[in-house]
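Numbers for residues simply follow the sequence, beginning at 1. Note that this is a predicted model, so its numbers are computed, not measured.
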Amino acid sequence: MQQKIIILDFGSQTTQLIGRRVRELDTFCEILPYNKFPKDYADVIGVILSGSPYSVHDKEAFKVDLTQFVGKYPVLGICYGAQFIANSGGGKVEKTNTREYGRANLQKFDAENPLFKGFTENSQVWMSHGDTITAIPEDCNIIASTADVKFAAYASCKNPLWAVQFHPEVFHTTQGAQLLKNFVVDICGSKQVWSAASFVESTVSELKQQLGNDRVILGLSGGVDSSVCATLLNRAIGKNLTCIFVDHGMLRKDEFAKVMEAYSGLGLNVIGVDASDKFFKDLEGVTDPEKKRKIIGRDFVEVFNAEAKKIKDAKWLAQGTIYPDRIESLSITGMTIKSHHNVGGLPKEMKLQLCEPLKWLFKDEVRRVGHQLNMPERLINRHPFPGPGLAVRILGDITREKVRILQDADDIYIEEMHNYICEDGDSLYNKVWQAGTVLLSTIRSVGVMGDERTYEHPVALRAVTSMDAMTADWAHLPYDFMAKVSNEIINKVKGVNRVCYDISSKPPSTIEWE
């Protein structure tokens, strides 16, 4: 039976990060809404309570019955989780005069407590809360303090329960990974057997049992998720998998041919469909970003369904849905962060069962599985690319000429990223989470080329660093690289006379412009 850490989500922006940190310890975890603690307890070895945007005193604050797990499993409360446990156990949580936010140092900590094993003096932690704990339950002891936060951490004397007001999951808590390891491995007893190799072995076995000799259809996008999903299914059921790759005309330059070639090299059975005429016709004159997305989504389903119906004996539809897709589509606080095209079930007319082999994996885990399956590096390390493609990287209406301009400019940018080798021997492309070019087709910029005055479009280059795309910072690209890319684009791409660089982060901006 697989060991599992349950992370109860109270709406924190860093809940996914807690999950990723636990997975990095080769331990399976599941993120659930705060009020959905599982009734099947057999495989649970520990529970973590996340932070929250609420105060424990807010009327709308999320509350949970702690008796479901306190005293039964090791429990770690983080930030709101720590405050909720204190408040529920007879302690006190009060507003502070100033928000406790940012870096702090542990002036005191109990080196004998298993949660702080291996910690060094004045270890840096990250605080982010408006309330603070001013009294802890009677059965608890202080195990760490900072200069401003007396109850930075506490532990129960009678139950396996720990709580911290700082965030061990974030990078700024320098020994946060050590703290989580102490909890997950030493306290909860994780055997650390969750790995890419074990995932491939168990999933292939489960897929063989689940699918038997049934035929499966998979919609490929060229991205890492659907590609790994296809390769995994191919290992399990071989010729019974049929993949459909729809070209809506707004892929990157020559991408349709390149991806089809890559899939052929993997031994996949792929049907390629050029439906670009239909998409361009239906997008004619449309400028609203949401309308673009809806038209492309609708047309994709129509084209895909038409091809799928030709496969008469298909019983399953496979999707490359990954864990963050499903988490983000859950409305914990009543506000869905974003909807995903591959979450929410199947069109009724398809009459197929759904198969999602990657539904428990984070993006970096998908890539590790790809390596385990010996997939090509360029396919595994591909940056995320929007489903609507370049349509949401062209501001304004969509035409074939605008797509051509953007494809040419973007091709130079991405290829130069692959070619630029950093000091550690890795390419600049592998240093960033996502990069792409945006065509500002609603703007014309004055320029001079030779002795002629030009009136053409600017393009904006975008590159971000991130762990999971929930937050992202603009990448600090080398000046010599940017100078070369700008020069190449302006000299070689007809229709562009100015190159800009986007230096906004997420939040407040998003990674894509539309």
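Environment of NZ in K292: crowded, with over 12 heavy atoms of neighbouring residues, nucleotides or ligands closer than 6.0 Å. Dense packing is recorded around NZ of K431, with more than 12 heavy atoms of other residues, nucleotides or ligands lying under 6.0 Å away. For E201, the CD atom is loosely surrounded, since the number of other residues' heavy atoms within 6.0 Å does not exceed 12. With a 6.0 Å radius and a threshold of 12 heavy atoms from other residues, nucleotides or ligands, E60 has its CD atom above the threshold.
A side-chain donor from one of S190 and T27 sits under 3.5 Å from a side-chain acceptor of the other. A donor and an acceptor atom, one from each side chain of D139 and S156, are located under 3.5 Å apart.
At least one side-chain heavy atom of C355 sits under 4.5 Å from a side-chain heavy atom of L233. Within the 4.5 Å cutoff, side-chain heavy atoms of H57 are placed close to those of N87. Taking 4.5 Å as the limit, every side-chain heavy atom of F69 sits out of range of all side-chain heavy atoms of I6. In this structure, P388 and F300 have side chains that are not in contact, with every pair of non-hydrogen atoms separated by 4.5 Å or more. Considering only heavy atoms from C-beta on, V47 comes within 4.5 Å of F37 through its side chain. The shortest side-chain heavy-atom distance between L218 and L268 does not fall under the 4.5 Å cut-off. Side-chain contact between V259 and L251 is absent, with no heavy-atom pair separated by less than 4.5 Å. With a 4.5 Å cut-off on side-chain heavy atoms, V216 and L211 count as touching.
Relative orientation of the Y501 and W474 rings is perpendicular, given thresholds of 30° and 60° on the angle between their planes. Ring geometry for F116 versus F166: interplanar angle of 30 to 60°, hence tilted.
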Decide side-chain contact (heavy atoms from CB on, under 4.5 Å) for L49 and Y34; before the verdict, give the C-alpha distance in whole Å, the side-chain angles of both, and the deciding distance to 0.1 Å. CA-CA 8 Å; L49 278 60; Y34 68 97; over 6 Å; no
Could you walk me through whether Y80 and Y54 satisfy the ring-ring contact (aromatic ring centres under 6.0 Å, His included) test, starting with their C-alpha distance in whole Å, then the side-chain angles of each, then the deciding distance to 0.1 Å, before giving a yes or no? CA-CA 8 Å; Y80 176 90; Y54 294 120; 7.8 Å; no
Are L179 and L115 close enough, and set up right, to give a side-chain contact (heavy atoms from CB on, under 4.5 Å), and what steps lead you there? CA-CA 6 Å; L179 186 146; L115 193 68; 3.9 Å; yes
May I have the step-by-step check of side-chain contact (heavy atoms from CB on, under 4.5 Å) for M127 and T146, ending in yes or no? CA-CA 10 Å; M127 298 285 184; T146 70; 3.8 Å; yes
Take D214 and N240 through the side-chain contact (heavy atoms from CB on, under 4.5 Å) test and state the conclusion after the steps. CA-CA 7 Å; D214 293 348; N240 283 342; over 6 Å; no
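Considering CZ of F119 and OG1 of T174, their distance stands at 7.5 Å, rounded to 0.5 Å. Atom CD1 of I322 and atom CG of L361 lie 8.0 Å apart (nearest 0.5 Å). Separation of atoms OG1 (T14) and CG (D9) is listed at 9.0 Å; rounding is to 0.5 Å. Rounded to the nearest 0.5 Å, atoms CG (L461) and CD1 (I503) are 13.0 Å apart. A distance of 9.5 Å separates CH2 of W162 from CG of N159, quoted to the nearest 0.5 Å. D131 contributes atom CG, which lies 5.5 Å from atom CD of Q83 (distance to the nearest 0.5 angstrom).
With sequence neighbours excluded, the residues that form a side chain to side chain donor-acceptor pair (under 3.5 Å) with E512 are R393, Q434. Listed by chain and number, the residues in a ring pair (Phe, Tyr, Trp, His ring centres under 6.0 Å) with Y429 are H383, H418 (sequence neighbours excluded). With sequence neighbours excluded, the residues that form a side chain to side chain contact (heavy atoms under 4.5 Å, CB included) with S202 are E206. Residues passing the salt bridge (Lys or Arg N to Asp or Glu O under 4.0 Å) test with K208: none are found, sequence neighbours excluded.
Minimum interatomic distance between L352 and W316 (heavy atoms only, all atoms of both residues): CD2-N, 4.0 Å. Considering all non-hydrogen atoms of both residues, I414 and A435 come closest at CD1-O, 3.8 Å. Scanning all heavy atoms of the two residues, the minimum distance from S427 to C422 falls at C-SG, 4.2 Å. When every heavy atom of A153 is checked against every heavy atom of V164, the shortest pair comes out as CB-CG1, 3.7 Å. Taking each heavy atom of C79 and S128 in turn, the nearest pair found is SG-O, 3.5 Å. Between V170 and L17 the shortest heavy-atom distance is CA-CD2, 4.1 Å.
Ion pairing between E169 and R21 fails under the 4.0 Å rule for side-chain N and carboxylate O.
At least one test fails for R368 against the ring of W194: distance under 6.0 Å to the centre or angle within 45° of the axis.
Remark: side-chain polar atoms of D110 are paired, donor with acceptor, to backbone N or O of E112 under 3.5 angstrom. Without hydrogens or angle criteria, Q3 side chain to K191 main chain gives a donor-acceptor distance under 3.5 Å. Between the side chain of R367 and the main chain of V224, no donor-acceptor pair closer than 3.5 Å is present. Formation of a donor-acceptor pair under 3.5 Å by the T173 side chain with backbone atoms of W126 is found in this model. Side-chain N or O atoms of Q175 include one that pairs as donor or acceptor with a backbone N or O of G118 at under 3.5 Å. With hydrogens and angles disregarded, no donor-acceptor distance shorter than 3.5 Å links the side chain of S52 to the backbone of G11. Between the side chain of Q124 and the backbone N or O of R103, no donor-acceptor pair lies under 3.5 Å. With hydrogens and angles disregarded, no donor-acceptor distance shorter than 3.5 Å links the side chain of D26 to the backbone of S195. A donor-acceptor pair under 3.5 Å is absent between the side-chain atoms of Y263 and the main chain of L220, judged by distance alone. The backbone N or O of R462 lies less than 3.5 Å from a partner atom in the side chain of Y413, making a donor-acceptor pair.
Sorted by first then second residue, the side chain to side chain donor-acceptor pair (under 3.5 Å) pairs that include residues 62-74, not counting sequence neighbours, are D65-T67. Judged as a salt bridge (Lys or Arg N to Asp or Glu O under 4.0 Å), the pairs with a partner in residues 376-388 (not counting sequence neighbours) are, in order, E255-R382, R378-E415.
Ring-centre distance between Y323 and W360: below the 6.0 Å cut-off.
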